Amino acid sequence: MGGSTPESEKILKSLDQRQREAVQTVAGPLLILAGPGSGKTRVLTSRIAYLIAVAAAHPSQILALTFTNKAAREMQSRINALLPSGGTRGITMGTFHSVMARLLRMELRDGWLPGYTAKFSIYDTGDSERMIRQIIKDLHIDKKRVEPRRIRAVISRQKNMMISPAAFEQHARTPDNKLIAQVYHVYEKALHGANALDFDDLLLKPLELFRRHPKILDKYRRRWRHVHIDEYQDTNLVQFRLSHLIAQEHRNICVVGDDAQSIYAFRGADLRNILNFKDSYPEAKVVMLEQNYRSTATIVRLADRVIKHNVQQVKKTLHTDNDEGAPVELIELETGQEEAEAAAKKILGHCSRVGAAFRSLPQYDYRDCAILYRTNAQSRNFEECLRAEGIPYRVVGGVSFYQRKEVKDALAYLRLLVNPDDRSSTLRVINYPRRCIGLRTQEKLADYARLHELSLWEALNRIPKLPVGAREKRVLGDFHSLIAQHQARLTSEPPHEVAKDLLKMSGLLAEIAKTGTDLARKKVDNVQEVISAIAQYTQDMQTGTLDAYLQSVALLTDADEGKDTANKVTLMTLHASKGLEFKVVFIGGLEDELFPSSHALRDADPKKLEEERRLFYVGITRAERHLYLGRAKSRLMFGSTRRFQLSTFVRELDDDLIRESSSANPTSTLRGQHLGGGLARSFSSPKRRQAFGMPAKAPRLPAPVGSGRRYTAEIRPGVRVRHPTFGDGRVVSIKGLRGDPREATVLFDNRGHKNLVLAYARLRVLG
């Protein structure tokens with residue numbers, strides 16, 4: 001190894017003491033525990049460049065593995081900037097899957113794995129599902145018992161855990177697992193016969209190759225003398241075994257990661273890989289990068305206090321030399337709609353100096369702002385409020401809410417209630433979910449309509465005359481009746497109730513939910529959000545109709561939004577935000593059952609809740625200068641209002657880093673609120689109210705009336721009541737926990753049905 005060189009001095013010059021220590025450790029196993037904003041990528045790329053600069057390794061001896069092609073490109077670019085032109089030629093760099101696919105292409109030329117050639121096909125998820133669908137058909141398995149997507153997910157999970165079809169079958173106990181084991185066996189044979197590999201095989205087959213042919217393993221051990229792995233906390237069992245086999249003899253393995261940012265267990269990531277690194281490499285050097293260069297001191301300390309509630313972690317303390325910055329604001333509002341409005345106003349305040357209350361806020365571009373949430377279903381309110389304020393935005397990690405397939409399917413059903421002659425909507429849903437109205441039957445229906453100059457709906461009114469068989473007439477009649485019955489209900493019932501029943505009776509919700517996967521639950525949430533949006537629209541507009549709602553949605557979903565520009569607010573899930581940073585971050589939905597999720601709260605395994613807390617930690621550390629935490633006390637869920645408790649993650653904090661914003665005036669705040677036992681009210685003091693430009697005497701709010709015996713006895717179905725806005729009406733139903741009613745559905749004499757939150761409805765019982 002050579003000594004110091006001009007290139008190596010240049011590489012070290014911009015690094016702090018800990019970063020230099022990591023870069024200059026050029027031999028043996030090295031674990032770099034890099035906190036958020038600590039310069040992780042800089043250290044990893046600097047170390048690779050340093051190895052080459054001091055002649056500790058030739059570029060061809062270096063293997064660098066990442067998890068995204070974008071990360072690989074960024075690393076390559078940074079290394080190129082640190083070394084003379086051409087100095088990096090020969091480095092093997094890329095994702096696990098891309099590097100191992102290249103390895104297989106090379107080695108299978110010599111027939112090392114019988115039955116496979118170097119011209120193998122790579123099957124993506126869709127290809128795998130189609131193959132599984134054909135296997136189900138060939139095995140004469142009842143299609144109602146299984147779903148190809150679910151079977152593929154189970155098989156993928158077994159592969160990630162290195163469980164073979166035989167081993168899975170041996171431990172299968174339930175009828176479903178025994179059936180999946182049968183499909184798993186045939187699936188593997190089918191892949192082999194097709195000279196095809198799925199994405200999991202791209203990692204498993206090299207592992208098999210190394211174990212069956214030590215000569216090949218030895219070749220790559222001699223070639224790749226220095227192994228680097230980025231985001232090591234995201235590796236699964238197969239990736240751990242692969243890297244360990246390659247580095248087992250020379251021991252030159254450098255892994256970079258942060259156990260506190262391990263948030264992909266659902267993809268197979270195993271936190272134990274980074275926590276137990278020293279078990280595999282007892283002589284490993286550990287370098288802790290705890291200094292944050294990204295965020296204000298307030299944000300860094302808050303993140304540090306959040307993650308310290310986790311038991312399963314490497315102990316470290318984040319710190320920064322950055323300024324204190326603004327306190328983190330907790331914005332507690334009554335509804336999800338108000339939460340979204342507050343987010344839009346905060347962004348406007350930072351980006352366009354709207355209103356006197358915001359003139360003191362630092363100014364940024366829209367691209368500097370992000371709204372983060374736990375699930376994609378939460379984006380609807382934020383999208384609508386940003387549009388209403390004229391704020392440009394982009395949705396990352398998925399299409400815009402109203403462009404998602406399940407949402408468009410739901411809207412197609414609803415459009416038929418308003419306009420049954422809508423041909424596009426009819427063709428979209430007439431056989432979805434499948435109801436034996438195939439393409440041939442649809443063609444005959446369309447031909448009849450064209451011959452008699454009718455719309456498809458008008459043709460359905462003449463079912464006895466249609467040129468189709470008896471069974472087709474029956475199912476076409478069922479579809480026609482389904483739409484017609486719910487269409488008739490619109491004249492007398494709340495639109496969201498009709499919509500909810502239609503989407504349920506059509507089988508759409510059951511079709512979406514039947515796999516039982518996390519993705520399925522998210523899609524169901526999205527359809528439920530449509531129903532909630534209808535309820536919210538009709539209540540807010542008072543005279544709102546389903547027709548008016550659909551027109552408003554049509555305007556929201558126009559494909560052409562005008563000139564596209566990068567200067568947009570970013571909307572994304574917390575999972576998708578990892579690795580990014582923004583000047584202003586708004587995290588929404590900080591309520592128990594939403595974040596943390598209901599599954600994590602109810603699971604007996606505390607690791608599930610700890611992963612959710614790590615996700616919160618990731619969200620917090622995306623913020624550089626300003627962090628806002630949004631919480632709604634109630635949300636519309638499936639057309640009904642539900643009350644939610646403040647997130648466990650916020651309630652467990654007892655510090656002076658968060659200040660609470662008043663729902664009446666989002667810019668008015670207080671420092672030093674005690675969070676541990678529930679937040680104190682910010683504006684109870686007359687002097688304090690006046691200090692923030694508010695009346696000395698707080699307006700008198702109606703007393704919450706959702707839990708007393710007297711109230712329960714008086715407000716009940718059938719009772720006549722009076723509302724200060726809607727007038728007189730009759731209580732139709734009460735929803736909520738026994739002894740604690742939360743919502744009443746009231747049929748008002750002149751305003752129709754209204755769903756009212758009891759604690760704020762100000763209903764008076766009539767004599």
Side-chain angles (χ1 to χ4, degrees), residues 29-32 34 40-41 44-45 47-48 60-76 79 91-108 113 116 120-125 128 155-163 196-211 216-217 219-221 223-248 252-259 261-274 277 280-281 575 578-579:
L30 173 64
L31 168 61
I32 304 174
K40 169 180 69 69
T41 304
L44 186 59
T45 53
R47 186 179 190 274
I48 294 172
S60 64
Q61 294 178 311
I62 295 174
L63 170 65
L65 298 170
T66 68
F67 276 85
T68 67
N69 292 313
K70 178 182 176 183
R73 288 193 298 270
E74 182 180 353
M75 285 176 59
Q76 184 72 58
I79 296 170
I91 294 177
T92 301
M93 182 177 294
T95 66
F96 271 94
H97 290 85
S98 64
V99 169
M100 292 303 144
R102 292 200 298 270
L103 183 152
L104 285 172
R105 297 276 186 206
M106 180 70 66
E107 299 306 327
L108 293 184
L113 288 179
Y116 287 97
F120 62 83
S121 298
I122 298 175
Y123 277 13
D124 63 16
T125 299
S128 296
I155 291 174
S156 178
R157 191 157 54 246
Q158 304 314 305
K159 287 189 172 187
N160 283 330
M161 295 187 293
M162 300 177 61
I163 298 174
L197 302 176
D198 62 20
F199 271 80
D200 300 310
D201 288 331
L202 290 178
L203 302 182
L204 281 170
K205 293 304 179 184
L207 194 59
E208 180 183 343
L209 193 66
F210 288 162
R211 287 177 168 172
I216 295 178
L217 173 60
K219 179 173 74 171
Y220 286 99
R221 280 176 173 171
R223 175 180 174 184
W224 292 327
R225 302 292 298 176
H226 292 269
V227 178
H228 295 76
I229 304 176
D230 192 17
E231 303 288 3
Y232 192 65
Q233 76 280 349
D234 294 335
T235 55
N236 61 25
L237 178 61
V238 182
Q239 290 159 335
F240 165 77
R241 293 281 176 84
L242 272 173
S243 59
H244 186 63
L245 276 177
I246 295 169
Q248 194 169 21
N252 294 325
I253 180 170
C254 170
V255 302
V256 184
D258 182 7
D259 58 291
Q261 296 187 67
S262 178
I263 58 174
Y264 295 121
F266 65 94
R267 294 180 185 170
D270 193 337
L271 179 62
R272 293 173 297 181
N273 291 348
I274 193 167
F277 185 77
S280 302
Y281 303 94
H575 280 101
K578 187 166 172 288

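Just so you know, these numbers come straight off a predicted model, no measurement behind them.
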Quiz item: Between His575 and Phe266, is the gap from one ring center to the other below 6.0 Å?
Solution: yes
Quiz item: Quick one: are Leu271 and Asp259 in side-chain contact, heavy atoms under 4.5 Å?
Solution: yes
Exercise. Report the distance from atom CG of Leu103 to atom CG of Leu209, rounding to the nearest 0.5 Å.
Key: 6.5 Å
Exercise. Please assess Leu104 against Leu197 for the test side chain to side chain contact (heavy atoms under 4.5 Å, CB included), listing each intermediate value before the final yes or no.
Key: CA-CA 11 Å; Leu104 285 172; Leu197 302 176; 3.7 Å; yes
Quiz item: What distance separates Ser243 OG from Leu65 CG, expressed to the nearest 0.5 Å?
Solution: 8.0 Å
Quiz item: Does any non-hydrogen side-chain atom of Leu30 lie less than 4.5 Å from one of Ile253?
Solution: no
Quiz item: Side-chain contact, heavy-atom cut-off 4.5 Å: Leu207 with Leu245?
Solution: yes
Quiz prompt | Value rounded to 0.5 Å, distance of OG in Ser262 from CZ in Arg272 | solution = 11.5 Å
Quiz item: Which one of His228, Glu74, Met75, Arg73 satisfies the side-chain contact (heavy atoms from CB on, under 4.5 Å) criterion with Thr66?
Solution: Met75
Self-check item: Asp270 side chain reached by Phe240 side chain, heavy atoms, under 4.5 Å
Solution: no
Self-check item: Close side-chain approach of Val256 to Tyr232, heavy-atom, < 4.5 Å
Solution: no
Quiz item: CG of Leu237 to CE of Met161: how many Å apart, nearest 0.5 Å?
Solution: 9.5 Å
Quiz item: Minimum heavy-atom separation for Met93 to Arg102, with atom names?
Solution: O-NH2, 3.7 Å
Practice problem: Quickly, which of Thr235, Asp234, Asn236 forms a side-chain hydrogen bond (donor to acceptor under 3.5 Å, both in side chains) with Asn273? Name it, please. | Solution: Thr235
Exercise. Please work out whether the ring planes of His244 and Tyr281 are parallel, tilted or perpendicular, with thresholds of 30° and 60°.
Key: perpendicular
Quiz item: If we only count heavy atoms from C-beta on, is the Trp224 to Gln61 side-chain gap below 4.5 Å?
Solution: no
Self-check item: Ile274 side chain near Asp258 side chain, heavy-atom distance below 4.5 Å
Solution: no
Quiz item: How long is the gap from OG on Ser128 to CD1 on Ile155, to the nearest 0.5 Å?
Solution: 8.5 Å
Quiz item: Which pair of non-hydrogen atoms, one from Gly94 and one from Ala72, has the smallest distance, and what is that distance?
Solution: CA-CB, 4.0 Å
Practice problem: Verify the neighbour count for atom CZ of Arg221: are there more than 12 heavy atoms of other residues, nucleotides or ligands below 6.0 Å? | Solution: yes
Quiz item: Hey, mind stepping through Ile48 and Ile91 against side chain to side chain contact (heavy atoms under 4.5 Å, CB included) and telling me if it holds?
Solution: CA-CA 9 Å; Ile48 294 172; Ile91 294 177; 4.0 Å; yes
Quiz item: Any salt bridge between Glu208 and Lys205, counting N to O under 4.0 Å?
Solution: yes
Quiz item: Mind checking whether Val238 and Phe96 have side chains closer than 4.5 Å, heavy atoms only?
Solution: no
Self-check item: Main-chain N/O of Arg157 paired to Asn160 side chain as donor or acceptor, under 3.5 Å
Solution: no
Quiz item: Within a reach of under 6.0 Å around NZ of Lys219, are more than 12 heavy atoms found that belong to other residues, nucleotides or ligands?
Solution: yes
Practice problem: For Ser98 and Thr95, indicate whether the former's side chain and the latter's backbone hold a donor-acceptor pair under 3.5 Å. | Solution: yes
Quiz item: Can a salt bridge be assigned to the pair Asp230 and Lys40 using a cut-off of 4.0 Å between side-chain N and carboxylate O?
Solution: yes
Exercise. Taking all heavy atoms of Ala269 and all of Gln233, pick out the closest pair and write down the distance.
Key: CB-O, 4.0 Å
Quiz item: Cation-pi between Arg223 and Tyr220: NZ/CZ under 6.0 Å from ring centre and within 45° of the ring axis?
Solution: no
Quiz item: Between atom CG of Leu204 and atom CG of Asp198, what is the distance when rounded to the nearest 0.5 Å?
Solution: 8.0 Å
Quiz item: Looking at Ala71 and Thr68, what are the two nearest heavy atoms and their distance?
Solution: N-OG1, 3.0 Å
Exercise. Please check if the side chain of Asp200 supplies one atom and the backbone of Lys159 the other of a donor-acceptor pair under 3.5 Å.
Key: no
Practice problem: Starting from the C-alpha separation in whole Å, work towards a yes-or-no answer on side chain to side chain contact (heavy atoms under 4.5 Å, CB included) for Ile62 and Thr92. | Solution: CA-CA 6 Å; Ile62 295 174; Thr92 301; over 6 Å; no
Quiz prompt | More than 12 heavy atoms of other groups within 6.0 Å of Met106 CE | solution = no
Quiz item: Between His226 and Leu63, is a side chain to side chain contact (heavy atoms under 4.5 Å, CB included) present by the stated rule, with each step listed?
Solution: CA-CA 6 Å; His226 292 269; Leu63 170 65; over 6 Å; no
